[in-house]
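Below: one structure, written as structure tokens.
Chain letters run A, B, ... following the sequence lines, proteins first, then strands; residues in each count from 1. Computed over heavy atoms, backbone and side chain alike; hydrogens, waters and symmetry mates excluded. Quantities reported herein were computed from a predicted structural model and do not represent experimental measurements.
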Amino acid sequence: KQEVTQIPAALSVPEGENLVLNCSFTDSAIYNLQWFRQDPGKGLTSLLLIQSSQREQTSGRLNASLDKSSGRSTLYIAASQPGDSATYLCAVPSGGGADGLTFGKGTHLIIQP
Amino acid sequence: SQTIHQWPATLVQPVGSPLSLECTVEGTSNPNLYWYRQAAGRGLQLLFYSVGIGQISSEVPQNLSASRPQDRQFILSSKKLLLSDSGFYLCAWKHSSYEQYFGPGTRLTVT
């Protein structure tokens, strides 16, 4: 059974800092990994999808890397802004049907102005 | 462009009452559809998925059921709600790419 762990559970940093969020998964036989953002009381916004053939994916100030062999992914946020405050979730295919996802519990990020 | 809708946005229901949550997707055809639940202090859990009209698969045994009466409509139901059914219910869709897209969610409180 696939399990996903995200560290740290919470993080508070001053504006402008670069930061790294970590995600690990137990079954390395995945074909992609997806990072999401969730604002309080809202649905999930897809940030980045990394295919297993890729080692990293970039979107603006966000960069996600994937190391299947070690069962790890990192989300790098450059020059953090208060608007980046949210919960960041990592998800991988659960191995069941139709590509249902298994999620970590997320990292709650606060960027202090 | 594709859009996913969920309603209602919030719902407060007594224990033992029925439930019907609806999800519709616009701008795509024959998507995979998913229901997830996010309970307090727990991660998102996949409840049901559907690859086509009338085709429903359940990931966990529970008090809930799902139906897909039309290609872009996915419904989550219960005949009698339990306190443990409280949570944030999210519908998602996926087409040819692997990326899943989520709706705005329904906050259900069972009292």
Subject >> Per-residue contact mode, B/Gln38 against chain A (heavy atom under 4.5 angstrom) >> reply: side chain
**OP:** Sort B/Leu44 into side chain, backbone, both or neither according to what part of it lies under 4.5 angstrom from a heavy atom of chain A.
**Re:** both
Original post:
What option among B/Glu59, B/Gln6, B/Gln100 has the most heavy-atom pairs under 4.5 Å with chain A?
Top reply: B/Gln100
Original post:
Who among B/Gly105, B/Pro104, B/Ser50, B/Cys91 has the most heavy-atom pairs with chain A under 4.5 Å?
Top reply: B/Pro104
Original post:
Between A/Asp99 and B/Asn32, does a side chain to side chain donor-acceptor pair (under 3.5 Å) hold up when you go through it step by step?
Top reply: CA-CA 9 Å; A/Asp99 301 325; B/Asn32 286 358; 4.9 Å; no
Original post:
Measuring heavy-atom distances to chain B, does A/Asn32 have an atom under 4.5 Å in its side chain, in its backbone, in both, or in neither?
Top reply: side chain
Original post:
Which atoms of A/Gln6 come close to chain B, meaning under 4.5 Å heavy atom to heavy atom: side chain ones, backbone ones, both, or neither?
Top reply: neither
**OP:** For each of A/Thr102, A/Val4, A/Leu49, tally heavy-atom pairs with chain B at distances under 4.5 Å, and name the one with the top tally.
**Re:** A/Leu49
**OP:** Search all heavy atoms of A/Gln2 against all heavy atoms of A/Phe25 and return the closest pair with its distance.
**Re:** OE1-CB, 3.4 Å
Mind checking whether [X] and [Y] sit in one hydrophobic cluster, side chains of I, L, V, M, F, W, Y counted as touching below 4.5 Å?
X       : Y       : result
B/Ile4  : B/Tyr34 : no
B/Leu64 : B/Val15 : yes
B/Leu19 : B/Leu83 : yes

Subject >> Residue pair A/Asn63 / A/Ser65, side-chain donor-acceptor N/O under 3.5 Å >> reply: no
